[in-house]
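Before any comments, here is the structure.
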There are 2 protein chains.
Amino acid sequence: MGKVGNKGQIKERLRTWGYKATSARLSILGVLEKSPSPLSAQAIIDRMKGEVDPATVYRNIKALRDKGVIRPIDFRHNHAHYELETDREKKRHHHHLICTKCGASEDISYCDVELLEEMVIRKSKSFSAINQHSLEFYGICDKCSKK
Amino acid sequence: MGKVGNKGQIKERLRTWGYKATSARLSILGVLEKSPSPLSAQAIIDRMKGEVDPATVYRNIKALRDKGVIRPIDFRHNHAHYELETDREKKRHHHHLICTKCGASEDISYCDVELLEEMVIRKSKSFSAINQHSLEFYGICDKCSKK
DNA sequence: AAATTATTTGCAAATAATTTGCATTTAGTT
DNA sequence: AACTAAATGCAAATTATTTGCAAATAATTT
């Protein structure tokens, strides 16, 4: 039973998604896989220590987003954060509780939005399908509250 | 029973929130009040026909956001959209169904997130309060699907 | 395994989105 | 009417993202 994060498997997946398995893409996915919380484009760039050009990171973020491989999370800063959408070990589709001060985040995995989703689409007059949804909660974390 | 959108009342409210009732603020709130859907900063600026400087609009968006008068909605474009948070006639707290192609949006008012919110805060280890939340659904509207 | 080709990358420059400094103006006092 | 703190306009700075193009590279074909 191989690790989900195994390089060969990621390469295969990239090809399945219709992309070449370049080192830039492996890096980006690797960085996101390692991170416990969603990262900004800048944070991804920083973690690659100058090995990948920012433009390349942005282009790939867009490409991976289009394929639904990664999804944006709004941290209420003025840029998006991203996380892997695909299920990994012990990590399924989930939502977040986000500190608007420091950007810390906690995962929330017990909100069943899919049920709501069905109702929403049934009631809509001008939409016939929903591709994605966001559900995030915002507050000030205890650490920031103390300050 | 005066209209909610009445100028004098808005001025009073601005003062209550700790702000001077300037024409820039009245304009911004007026524009948002008239709009059936959340507007980007640029859209707000455009609707004021050069009468208010962009910097002033941005400064006020921030100020009104801080007071919870307006709230940001993520349209998955790369800038925020805003709408009035305060209840108006026939307009209570709600969520959205958003077309990621053209930006059209439909209001959704029957999702009771407040219940979820209680559970989230009860289960959290590092947060003690939630100030805001977002719940949006994304798809391609029927108009865009046809093209 | 070298040649081929369509993708992808890096770099530099462009564009978009937002913020800031500072002199001037204005709303709400006194 | 004079005063004062807050707010504004304007220009410049910063931050975030996108684009054009020549060079590099992954996957394919020979």
Side-chain angles (χ1 to χ4, degrees), chain A residues 7-31 38-67 69-70 72-82 100 103, chain B residues 7-31 38-67 69-70 72-82 100 103:
Chain A
K7 276 249 168 83
Q9 283 193 34
I10 294 184
K11 285 188 179 185
E12 270 177 53
R13 285 198 200 174
L14 277 167
R15 294 190 192 109
T16 303
W17 295 323
Y19 296 132
K20 287 188 181 179
T22 64
S23 64
R25 287 177 185 141
L26 291 173
S27 285
I28 293 171
L29 293 174
V31 163
L39 297 177
S40 65
Q42 192 54 58
I44 296 171
I45 291 161
D46 291 347
R47 274 155 222 239
M48 304 204 290
K49 304 169 208 160
E51 283 160 26
V52 182
D53 191 83
T56 299
V57 173
Y58 277 107
R59 276 187 280 235
N60 282 317
I61 283 174
K62 190 179 238 178
L64 295 168
R65 244 176 97 146
D66 288 346
K67 292 286 176 193
V69 181
I70 63 176
I73 307 295
D74 181 14
F75 268 51
R76 301 265 165 110
H77 289 186
N78 46 20
H79 50 253
H81 283 64
Y82 300 92
T100 48
Chain B
K7 275 250 168 82
Q9 283 192 34
I10 295 185
K11 284 188 179 185
E12 270 177 51
R13 285 197 200 176
L14 276 168
R15 294 187 193 111
T16 303
W17 295 324
Y19 297 130
K20 287 187 181 179
T22 64
S23 63
R25 285 175 186 144
L26 291 173
S27 285
I28 293 171
L29 292 174
V31 164
L39 297 176
S40 66
Q42 191 53 58
I44 296 170
I45 291 163
D46 292 346
R47 273 156 221 238
M48 304 203 291
K49 304 170 209 162
E51 282 161 27
V52 181
D53 191 83
T56 300
V57 174
Y58 277 106
R59 276 188 280 237
N60 281 318
I61 283 175
K62 191 179 237 180
L64 294 168
R65 243 177 98 146
D66 288 347
K67 291 287 177 192
V69 180
I70 62 177
I73 307 295
D74 180 15
F75 268 49
R76 302 264 165 112
H77 290 186
N78 46 18
H79 50 252
H81 284 64
Y82 300 92
T100 47

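Just so it is clear: chains get the letters A, B, ... in the order the sequence lines come, proteins before strands, and each one is counted from 1. Just the heavy atoms: all of them, side chains too, but no hydrogens, waters or symmetry mates, feed the values below.
- Distances were taken from every side-chain heavy atom of B/T22 (C-beta onward) to each of C/dT8, C/dA27, C/dT18; the shortest belongs to C/dA27.
- In this structure C/dT20 sits in a base pair with D/dA11, meeting the Watson-Crick or G-U test at under 3.5 Å.
- Taking atom NZ of B/K67 as the reference point, atom P of D/dA7 lies 10 Å away to the nearest angstrom.
- Using Watson-Crick or G-U wobble geometry with both donor-acceptor distances under 3.5 Å, C/dA27 finds its partner in D/dT4.
- In terms of phosphate contacts, B/Y58 brings a side-chain nitrogen or oxygen within less than 4.0 Å of OP1 or OP2 of C/dT18.
- Distances from the side chain of A/R59 to the nucleotides D/dT19, C/dG28, D/dT17 place D/dT19 closest.
- Between the CD1 atom of A/I45 and the P atom of C/dC11 there is a distance of 13 Å, rounded to whole Å.
- Counting only distance, with no hydrogens or angles, the side chain of B/Y58 and the backbone of B/D53 share no donor-acceptor pair below 3.5 Å.
- Spacing between atom NZ of A/K11 and atom P of D/dT25 amounts to 14 Å, rounded to whole angstrom units.
- Looking at the side chain of A/D53, the nearest of the listed nucleotides C/dC11, D/dT8, C/dA27 is C/dC11.
- Place B/N78 and A/A24 on DNA chain C by their nearest nucleotides, and A/A24 ends up nearer the 5' end.
- When the side-chain nitrogen and oxygen atoms of A/R15 are compared with OP1 and OP2 of D/dA27, one or more of them lie within a distance under 4.0 Å.
- Between the CG atom of A/D46 and the P atom of D/dA16 there is a distance of 11 Å, rounded to whole Å.
- Between the CG atom of A/L14 and the C1' atom of C/dT7 there is a distance of 13 Å, given to the nearest Å.
- Looking only at distances, a side-chain donor or acceptor of B/R25 sits under 3.5 Å from a matching main-chain atom of B/K20.
- As rounded to whole Å, 11 Å separates atom P of D/dT8 from atom OH of B/Y19.
- Picking from C/dA12, D/dA11, D/dT17 the nucleotide with the shortest atom distance to the side chain of A/A55 gives C/dA12.
- With a cut-off of 3.5 Å on both pairing distances, the Watson-Crick or G-U wobble partner of D/dT29 is C/dA2.
- Contact check, A/T56 against C/dG10: a side-chain N or O comes under 4.0 Å of OP1 or OP2.
- Distance B/R25 CZ to D/dA6 P: 11 Å, rounded to the nearest Å.
- Comparing A/K20 and A/Q42 along DNA chain D, the residue whose closest nucleotide (by nearest heavy atom) sits nearer the 5' end is A/Q42.
- Protein atom NE2 of A/H81 is 10 Å distant from nucleotide atom P of D/dT17, rounded to whole Å.
- Under the 3.5 Å distance criterion, the side-chain polar atoms of B/T56 are left unmatched by any main-chain donor or acceptor of B/V52.
- In this structure, the side chains of B/Y82 and B/I73 stay at 4.5 Å or more apart for every pair of heavy atoms.
- No side-chain donor-acceptor contact under 3.5 Å links B/Y19 to the backbone of B/R13.
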